[in-house]
2 protein chains.
Amino acid sequence: MATSTRSNAGTKGVARAVREQQIVDAACRAFGESGFAATSVADIAEAAGISKPLIYNYFGSKEGLYAACLHHAAGTLTAEIERTAASGTVGLARAIVTLDGMFRTLEPQPWIWRLVNDSTAAREGAIGAELAKYEQRIFTFGHDGVAELMQLAGNDDARDLSAMHAAWESTFRALVTWWLDHPGETPEQMTQRCVRLFSTVFGQIDTSALTAP
Amino acid sequence: MATSTRSNAGTKGVARAVREQQIVDAACRAFGESGFAATSVADIAEAAGISKPLIYNYFGSKEGLYAACLHHAAGTLTAEIERTAASGTVGLARAIVTLDGMFRTLEPQPWIWRLVNDSTAAREGAIGAELAKYEQRIFTFGHDGVAELMQLAGNDDARDLSAMHAAWESTFRALVTWWLDHPGETPEQMTQRCVRLFSTVFGQIDTSALTAP
DNA sequence: CTGATATGACTCACGAGTAAGTTACCACAG
DNA sequence: CTGTGGTAACTTACTCGTGAGTCATATCAG
């Protein structure tokens, strides 16, 4: 009676690797749904069913935890992009295949999209490093496709290419975001929508790469 | 000696309307350069050369001050868009003219762009109302242009239109943002760049609407 | 003397990060 | 098969800085 009841300290004995994964899962969802700045470490601890100091024990800081989430989420997305890129499709069909893969990857865990694109997290230290690594891996894919288009049109200005690439990446993000904002639409439906939209702008598109998977 | 020296309280006697404008100007710059969340009211007071309580006297809260900034900035931008829209240009040329007007408007005060597009400000209360008003005024212009393009292509699906509109607005934002990220490029140069980029995607464009002003 | 303009010095809530202690489990000596 | 000590997992209850918002007061024009 003299000492307070320390309800269940140490009784769970979950292995560190397992616990870390549980925490990262809960944190990805919380950060992704509310943004970095608006999410407190206490919120995440509660969602993960553990206490705050355990997070600091394992991840060092709020930034450290976010970097771990970023590593997980960005790894998932880049792996998917690299997978579709390896399929050998080219031109606009490749853009469609990449979007299709993104919709399918995001469907069971849509929150990681906002996690990767969150602007409320400072681009410094571990977070900045993780983001830079991610962007470096992504950069080439979009860049090559846009360069191909520009060369076909006879434009080899480097800054034109840079601006066009920015416009393309932004369009890609807009389409994904639009889809996330319209739940109930399946990845298949959204991919077909993208095919229609691209056809409106660019004319007929070869969609044979989509039928197989 | 007994009472502390209250250096210069009330000695300036600047009229409220004037002071409010000074504060809004300083706040627009501070919010636009650092974002809503990362800017403290004390920072703004210092930049404006006055003290914190005066801001609360005139604007009630940090949100109130931000809403006033938004009213000023979004008003400037929508006025410019409505001006170019009234010139009667249509199709892709209208998109170019609108971008051109945006570059010229933003050149002397580039920070208001980020102010209007800041995601760290909550979309509630006065801020949400101001943003909604702004978006409502903007919506029609982009929407009509996109609808025209879609009809020409024989696509009248409402959701396709919605997604295409989102893609267009995103591209517009990306081009403006790219320009802001590449200082030293004049509005004229950037407009010509946009003409080249649009030509790459859509083919030849009528630029006669640009030569006059 | 009244009201508008203005400020120094506070309060207070919130959230990141920490100190110190608690419990369970396991390896190993006797 | 029993004590016993080391360690990993875990918690409660704090500190402490920061920034939004407030109060009481000061100055001056009309």
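Chain letters run A, B, ... following the sequence lines, proteins first and then strands; every chain starts at 1.
Between the CG atom of B:N57 and the P atom of D:dA20 there is a distance of 17 Å, rounded to whole Å. Atom CG in B:L65 sits about 11 Å away from atom P in D:dG21, given to the nearest Å. Atom CZ of B:F31 is separated from atom P of D:dG19 by 13 Å (rounded to the nearest Å). Separating the CD1 atom of B:I55 from the P atom of C:dT7 is a distance of 10 Å, rounded to the nearest angstrom. A straight line from CG of B:D43 to P of D:dG21 spans 15 Å, rounded to a whole angstrom. Rounded to whole angstrom, the span from the OH atom of B:Y58 across to the C1' atom of D:dG21 amounts to 18 Å. Rounded to whole Å, atom C1' of D:dT12 lies 16 Å from atom CD of A:E46. Rounded to whole Å, the distance from CG on B:L54 to C1' on D:dT22 is 14 Å.
Taking the charged nitrogens against the carboxylate oxygens, B:R123 and B:E135 do have a contact shorter than 4.0 Å, which makes a salt bridge. In summary, B:R104 and B:E107 do not engage in a salt bridge, as defined by a charged side-chain N under 4.0 Å from a carboxylate O.
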Pairs: protein N or O with nucleotides 12-16 of chain C N or O, under 3.5 Å:
unit_1	atom_1	unit_2	atom_2	d
C:dA16	OP1	A:K62	NZ	3.0
C:dA16	OP2	A:V41	N	3.0
C:dA16	N7	A:K52	NZ	3.4

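Under the salt bridge (charged side-chain N to carboxylate O under 4.0 Å, His left out) criterion, B:D118 pairs with no residue at all, not counting sequence neighbours. The salt bridge (charged side-chain N to carboxylate O under 4.0 Å, His left out) check on A:R29 picks up A:E33, with sequence neighbours excluded.
To the nearest 0.5 Å, atoms CZ (B:R193) and NE2 (B:H182) are separated by 8.0 Å.
Relative to the six-membered ring of B:F36, B:K62 meets both conditions, a distance below 6.0 Å and an angle of at most 45° to the axis.
In terms of heavy-atom proximity, B:F141 sits nearest to B:R137 at CE1-O, 3.0 Å.
Checking the phosphate oxygens (OP1, OP2) of D:dC10, a side-chain nitrogen or oxygen of A:R19 falls inside 4.0 Å.
Nearer to the 5' terminus of DNA chain C, by closest-nucleotide assignment, is the contact made by B:A17 (compared with the other of B:P53 and B:A17).
Residue contacts for A:F59: at a heavy-atom cut-off of 4.0 Å it reaches no nucleic acid atom on any strand shown.
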